[in-house]
Each structure stands twice: as C-alpha cells, then as structure tokens.
Amino acid sequence: MLRLYNTLTRQKEEFKPRDPGKVGIYVCGVTPYAYTHLGHARVSVLWDVFKRYLEYKGFEVTLVQNFTDVDDKIIAKANSEGVEAKEIAERYIADYFETMAALGVRPADKYPRVTQEIPDIIEVIQGLIDKGHAYAAGGDVYFDVSSFPGYGKLSGRTLEEMEAGARVEVSPLKRDPLDFALWKAAKPGEPAWDSPWGKGRPGWHIECSVMSLKYLGESFDIHGGGLDLVFPHHENEIAQSEAYTGATFARFWVHNGMVQVDKEKMSKSIGNTTAVREVIKKWDPFLIRFFLISTHYRSPVNFSPEELAAAGKGWERLVAAAKRLEQVAGLKPEASSAGSGEIQELRELLDRSRKRFEEAMDDDFNTALAISVLYELVRGINPYLNRALQGEREYRSQEWLALYAEYRSQLSIFGDILGIFPEDLASRVDSELVSGLVELLLDIRAQARKDKNWSLADSIRDRLGQLGIEVKDGPQGSTWELNK
RNA sequence: GGCGGCAUAGCCAAGUGGUAAGGCAGGGGUCUGCAAAACCCUUAUUCCCCAGUUCGAAUCUGGGUGCCGCCUCCA
C-alpha cells in the first residue's frame with residue numbers, strides 16, 4: 001500500500017487512483033529561457049523514479065509535463081538577442097531533452113506547450129468569465145479571487161493574511177491586489193494571439209489548469225512540482241480549475257524540496273544555478289541521479305562537489321558489485337559441493353530485501369531508505385563473488401551460480417527503478433571473447449607472478465589497465481573489471 | 001511583518017511513542033611482491049536548548065534558539 005504526503009492535507013495519505021490500475025500525473029515543467037539546471041533535473045529524475053516504481057507496482061501511468069514556452073522572461077531574452085521568442089524556447093527545450101536523455105530520464109507521455117493550446121485556454125477563460133469568476137479589464141482578463149471561497153487552501157493561508165503580506169503587485173486594472181491574470185494584453189512586438197479581449201497571450205497559471213484537465217481529466221491523481229510553486233502557481237491553478245469545473249482539481253499534491261547551493265535555493269533569479277550540461281562533463285550522469293535521490297524528495301538537497309564526491313564513493317561500490325554480478329553470470333559451473341547453509345542465508349537476505357525496498361518506496365517514496373537496501377544486498381553477496389571470480393571452485397557450483405543470478409536480477413530490478421546503473425553495464429562487462437582473452441592473459445600473468453617475474457606481471461596489468469581493464473589481485477587469484 | 005518547513009555522529013542521511021538504518025571520511029584488522037578492491041570490527045548512552053505528557057519520546061505538547069522556503073519570476 002502506497003502512502004503519499006499530500007500538501008493539501010499536510011499528512012501522508014493512502015494512495016488510491018481515480019481509475020483502478022491507472023495513475024494520471026501532471027508535473028509542472030520548465031520555462032525554457034536558460035539551460036536546464038539541477039533544480040529542474042531533480043524534479044524530472046524524481047518523477048521518473050516515481051513513475052518507474054508505480055509501473056513496477058503494476059499501475060499504468062500517464063505522466064504529463066508541460067513547457068511554458070511563452071512568458072515575460074522568454075520575451076526579454078529574445079529581445080536582448082534580437083531573435084524571435086519561439087527560437088529561444090526551442091533552443092532551451094532542446095537542451096532540456098538532451099539533458100534528460102543524458103540523465104536517463106524516460107520521456108513523459110505528453111509534453112504540452114502553451115503556444116499549442118491557445119484555443120483551449122481561451123475557451124476556459126471565457127467559461128470563467130461566464131461563470132462570474134473572472135473579468136476583462138483593459139485587454140487583460142483577471143481571475144476574481146474573492147469569488148472562490150477555497151482560495152488559500154493549498155498554501156494554508158487566508159485572504160486576510162495575504163492582504164496583510166502586502167507584497168502583491170498593484171495594478172490599477174485589478175479589483176483586488178490578489179487577483180491574477182488569466183490573459184495579458186499584448187505590448188507592441190510581443191508574441192500575441194487573437195482573443196475575444198483583443199490580441200494577447202495567456203497568463204502563467206491558466207495553461208497548467210487547461211492542459212492537465214485536457215490530458216488527464218477532472219480530479220486526476222497527482223499533481224507534482226517544486227515546493228516553490230505551491231504559492232501562487234498551484235494555489236491559482238486550483239482556484240481556476242475548480243471554479244471552472246466545480247470538481248476537485250487534483251487529488252494529491254506532491255511537492256519536492258529545493259536543490260540548494262551553500263544552503264541557499266538554486267534559482268535562476270538568484271543566479272546561482274548550475275547547468276546540468278556542465279555538471280555532466282565532470283561527473284557521471286548516473287551519479288547525479290543517485291545523488292539527487294539519496295535524500296528524501298521533500299527535503300532540500302545541497303549541491304557541492306564535496307558532497308557529490310562522497311556520494312560517488314558509495315555509488316561506485318554499488319556499480320562495481322553490479323558489474324561483478326554480470327561477470328559471474330558468464331562463469332561455467334564447476335562440479336563441487338555447495339555451502340548450502342550460506343546459500344540459504346543469502347536467499348533469505350534476498351527475500352527480505354525485496355520486502356524492505358517496497359516498504360521504503362511505499363512510504364512516501366523513501367528513496368534514501370530504499371538505497372540502503374541495495375547496500376545490504378551488495379555487502380551480503382560481495383565476499384562470495386570475489387571468491388568465485390578468484391577461481392575458488394566451491395563458489396562456482398551450480399547452486400552458487402544460480403544464487404548469483406538471483407542477486408543479479410534483483411539488483412538490476414532495484415537499479416532500474418532508481419535508474420542508478422549505467423544502462424550498458426552488461427555489454428560493457430562481457431563478451432565471451434573478451435573474457436576468454438583476459439582470462440588467458442591473467443593465467444600467463446599468474447605464472448609470471450609465481451616465477452616472481454614482477455616486471456612481466458606488472459606490464460600485463462598496466463597494459464590491460466590502459467585498455468580499461470583493471471586487474472586486482474586477491475589471495476586466491478586475480479579478478480578483473482572493465483571500466484570506461 | 002505573515003504563513004509553512006527543518007534542526008540526528010567530523011560530513012551526508014533514514015527513522016512520528018518502545019529503547020538510534022545506510023553512506024562518506026577516520027581508527028583497527030583480514031588479504032598482500034607492489035597496487036587496487038572486497039570483507040570484518042570500530043566511531044551518537046544520545047537525536048539544538050528548556051519545561052511538560054507518558055511505564056516509556058529523537059518521535060507528542062508548550063516555550064526558546066538557529067537555519068531554510070513561500071508571500072515577486074522560479075522546479
């Protein structure tokens with residue numbers, strides 16, 4: 001049973017989908033006017049993992065993530081470069097897709113864009129006017145906050161409190177300072193579409209209401225996004241949508257914590273963003289994923305090279321174990337008696353791990369706890385893998401090889417859900433020919449070592465090292481590992 | 001100023017009433033021609049402080065301190 005923290009109720013609730021077996025998710029995507037940064041990466045990686053886990057649980061998941069491809073920032077950027085707004089949006093949308101591919105994020109099911117949904121948006125705005133929830137003023141259209149009694153229920157504040165805050169934008173066209181724009185009249189030179197209120201473009205919040213309702217329907221299951229969107233964006237989405245349909249907008253609101261730098265939020269307006277395209281030049285993209293999910297999604301995660309390096313050490317241990325499991329899968333069984341007691345214990349560890357992994361993920365997607373299960377698995381099997389790879393015959397029996405195969409499969413299932421293992425792990429590790437040749441060289445080297453011919457032994461190790469094959473000597477023999 | 005959240009070892013980080021997961025770093029060890037890896041042991045009598053509830057609290061309540069987010073664009 002999956003339990004999810006719902007921002008709306010501020011507690012964990014049992015998750016039951018609207019339609020049995022199916023889950024509809026809408027996640028607020030990016031405004032493409034700058035390179036994709038780690039904050040964007042966190043949201044996307046998170047929902048990629050959540051979707052994979054829900055699919056593992058047997059749900060059919062529809063994930064919708066939008067692009068806000070027209071807004072003030074895009075227009076400003078376009079003006080400063082002397083190009084069309086569309087060109088700016090296209091450039092950074094392309095960067096977003098490239099970044100996501102590098103991070104192993106599987107594509108969402110639908111990526112709607114504001115500029116391609118204008119007629120639907122106009123229809124909803126007109127509907128809101130007709131129902132008395134919105135009013136046109138000077139070519140703009142504003143949502144009348146006072147007409148929606150539930151305003152403030154997501155962010156937990158009342159109209160009075162917000163009025164007192166007094167940092168809201170004052171516009172002479174608004175009846176109330178808290179009213180927000182559904183439609184903005186075009187200024188000269190801005191991208192604009194025809195509408196009943198004259199040329200203009202949609203306000204920021206209306207797109208998400210329109211697109212989520214269009215692609216997921218009323219009362220869809222989960223609406224996600226960064227914690228910084230709770231107010232005003234998501235609050236406004238609820239007001240518009242529920243005023244329009246009269247039905248609950250989204251059933252679960254799931255918000256992730258911010259990526260921080262020096263304990264401060266990473267954001268474009270502060271100017272402390274780190275573009276993912278730069279980060280992955282120095283760090284493995286799968287380590288970035290691992291790092292981003294090694295903290296619970298609702299907590300902030302601080303980004304620094306030191307913390308990334310520390311996480312990297314642990315991650316490398318998991319990857320190394322996964323590689324060893326691939327290698328061992330290529331061994332031929334030896335006829336020898338097995339240590340059945342040890343095998344029994346290891347099989348119990350395996351069974352327990354499945355349960356603990358699922359319990360962790362079921363508890364509000366506790367990826368940090370889930371990762372600890374992988375470490376337990378690896379710590380359990382590692383000693384035996386080493387013995388098998390070093391040639392100890394009793395650890396290469398049919399029974400042991402079968403157990404390794406189970407571990408390999410289980411680790412790969414967990415790894416796939418979290419997406420933390422490079423996908424070409426198997427192909428990198430093994431082709432029969434490579435294995436055979438490396439084994440041959442290691443046999444020769446073993447003889448050289450026996451003869452204390454260290455220069456030959458070291459030369460073989462060094463030259464294999466240059467080819468990316470790392471040789472490691474152990475008490476019973478040598479093992480090897482293929483690195484990038 | 002208003003609203004919300006968080007404070008756990010040197011660092012990162014799980015844990016919402018039953019006696020402190022996991023990772024990194026550090027120390028010790030197994031192994032060892034050298035190197036690397038792997039594994040074992042070890043590192044918080046204690047969870048920001050003070051009071052309270054309870055047989056029992058890191059976990060609940062009240063007060064304090066510090067940090068973060070939102071109230072303007074933001075994932």
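First the proteins, then the strands, lettered A, B, ... as listed; each starts at 1.
- Aromatic ring pairs are classed by plane angle as parallel below 30°, tilted from 30° to 60° and perpendicular above 60°; the pair A/Y384 and A/W400 is parallel.
- Annotation: B/rU45 and B/rU61 have their P atoms spaced 26 Å apart (nearest Å).
- Between the CD1 atom of A/I293 and the C1' atom of B/rG23 there is a distance of 13 Å, given to the nearest Å.
- Going from the P atom of B/rC47 to that of B/rA51 covers 13 Å, rounded to whole Å.
- At whole-Å resolution of the value, NE2 in A/H40 and P in B/rA75 are 4 Å apart.
- Judged by Watson-Crick or G-U wobble contacts below 3.5 Å, the nucleotide B/rC55 has B/rG18 as its partner.
- Looking at heavy-atom distances under 4.0 Å, A/G224 makes no contact with the nucleic acid at all.
- Using atom P as the reference point in both B/rG27 and B/rU43, the two lie 16 Å apart (nearest Å).
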For residues 39-49 of chain A, tabulate all N or O donor-acceptor pairs below 3.5 Å that involve a side-chain atom, not counting sequence neighbours.
unit_1: A/H40; atom_1: ND1; unit_2: A/H37; atom_2: N; d: 3.0
unit_1: A/H40; atom_1: NE2; unit_2: A/H37; atom_2: NE2; d: 3.4
unit_1: A/R42; atom_1: NH1; unit_2: A/G257; atom_2: O; d: 2.7
unit_1: A/R42; atom_1: NH1; unit_2: A/M258; atom_2: O; d: 3.4
unit_1: A/R42; atom_1: NH1; unit_2: A/S299; atom_2: O; d: 2.9
unit_1: A/R42; atom_1: NH2; unit_2: A/H296; atom_2: O; d: 3.1
unit_1: A/R42; atom_1: NH2; unit_2: A/Y297; atom_2: O; d: 3.4
unit_1: A/R42; atom_1: NH2; unit_2: A/S299; atom_2: O; d: 2.8
unit_1: A/S44; atom_1: OG; unit_2: A/H40; atom_2: O; d: 3.2
unit_1: A/S44; atom_1: OG; unit_2: A/Y96; atom_2: OH; d: 2.7
unit_1: A/D48; atom_1: OD1; unit_2: A/R52; atom_2: NE; d: 3.4
unit_1: A/D48; atom_1: OD1; unit_2: A/R106; atom_2: N; d: 3.2
unit_1: A/D48; atom_1: OD2; unit_2: A/R52; atom_2: NE; d: 3.2
unit_1: A/D48; atom_1: OD2; unit_2: A/R52; atom_2: NH2; d: 3.0
unit_1: A/D48; atom_1: OD2; unit_2: A/R289; atom_2: NH1; d: 2.9
unit_1: A/D48; atom_1: OD2; unit_2: A/R289; atom_2: NH2; d: 2.9

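- Between A/N256 atom CG and B/rC70 atom P the separation is 13 Å, expressed in whole Å.
- Comparing B/rG64 with B/rC12, their P atoms sit 27 Å apart, to the nearest whole Å.
- Minimum atom distance to the side chain of A/S372 is reached by B/rA21, of the listed B/rA14, B/rA21, B/rA75.
- Taking atom P in both B/rC31 and B/rG26, the straight-line distance is 22 Å, to the nearest Å.
- Under a 4.0 Å N-O distance rule, the pair A/D95/A/R277 qualifies as a salt bridge.
- When both distances must be under 3.5 Å, the Watson-Crick or G-U wobble mate of B/rC47 does not exist.
- Using a cutoff of 4.0 Å between basic side-chain nitrogens and carboxylate oxygens, A/E358 and A/R354 are not scored as salt-bridged.
- At the heavy-atom level, A/L369 lies under 4.0 Å from base atoms of the strands shown.
- Note: CG (A/L103) to C1' (B/rA75) measures 14 Å, nearest angstrom.
- The existence of a salt bridge linking A/K355 and A/E359 is confirmed by a sub-4.0 Å separation between a basic side-chain nitrogen and an acidic carboxylate oxygen.
- Nucleotide B/rG69 forms a Watson-Crick or G-U wobble pair with B/rC3, both donor-acceptor distances falling under 3.5 Å.
- Nucleic acid contact for A/R157: base, since at least one base atom lies under 4.0 Å from a heavy atom of the residue.
- Comparing A/S155 and A/S267 along RNA chain B, the residue whose closest nucleotide (by nearest heavy atom) sits nearer the 5' end is A/S155.
- Atom pair A/D228:CG and B/rG69:P shows a separation of 10 Å (rounding to whole Å applied).
- Between A/K265 and A/Y33, the residue whose closest nucleotide on RNA chain B is further toward the 5' end is A/K265.
- In this structure, A/H255 has its ring center closer than 6.0 angstrom to the ring center of A/H234.
- Pair check for B/rU30 finds B/rA38; Watson-Crick or G-U wobble, both atom distances under 3.5 Å.
- Side-chain proximity of A/K73 to the nucleotides B/rC24, B/rC73, B/rA75 is greatest for B/rC73.
- Atom CG in A/L159 sits about 18 Å away from atom P in B/rG2, given to the nearest Å.
- Heavy atoms of A/K263 sit under 4.0 angstrom from primed sugar atoms or phosphate atoms, though from no base atom.
- Residue-level contact check: A/G314 touches the backbone only, with heavy atoms under 4.0 Å from sugar-phosphate atoms and none from bases.
- For A/R461 and A/D473, the salt-bridge test passes: some basic side-chain N is under 4.0 Å from an acidic carboxylate O.
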**Asked** How does each nucleotide of nucleotides 31-40 of chain B score, in 5' to 3' order, for protein heavy atoms under 4.0 Å: base (B), sugar-phosphate only (S), or none (-)?
**Response** S-BBBBSSSS

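- B/rA75 is unpaired under the Watson-Crick or G-U wobble criterion, no partner having all donor-acceptor distances under 3.5 Å.
- At the heavy-atom level, A/V259 lies under 4.0 Å from base atoms of the strands shown.
- Residue-level contact check: A/T158 touches neither bases nor backbone, having no heavy atom under 4.0 Å from any strand.
- Atom C1' of nucleotide B/rG10 and atom CD of A/E307 are separated by 13 Å, given to the nearest angstrom.
- Ring-plane geometry between A/Y151 and A/F180 is classed as parallel, the angle between the planes falling under 30 degrees on a 0 to 90 degree scale with a further cut at 60.
- Atom pair A/F231:CZ and B/rC71:P shows a separation of 8 Å (rounding to whole Å applied).
- Annotation: B/rG2 and B/rA58 have their C1' atoms spaced 30 Å apart (nearest Å).
- The P atoms of B/rG33 and B/rU42 are separated by 29 Å, rounded to the nearest whole Å.
- Annotation: B/rU19 and B/rA57 have their P atoms spaced 12 Å apart (nearest Å).
- Among the protein residues, A/V230 comes within range of no part of the nucleic acid, since none of its heavy atoms lies under 4.0 Å from any strand.
- At the heavy-atom level, A/H296 lies under 4.0 Å from the strands shown only through sugar-phosphate atoms.
- You'll find the ring centres of A/F97 and A/Y111 inside the 6.0 Å limit.
- A salt bridge links A/E190 with A/R201: the distance from a Lys NZ or Arg NE/NH1/NH2 to an Asp or Glu carboxylate oxygen falls below 4.0 Å.
- The side chain of A/T295 sits closest to B/rA13 out of B/rC70, B/rA21, B/rA13.
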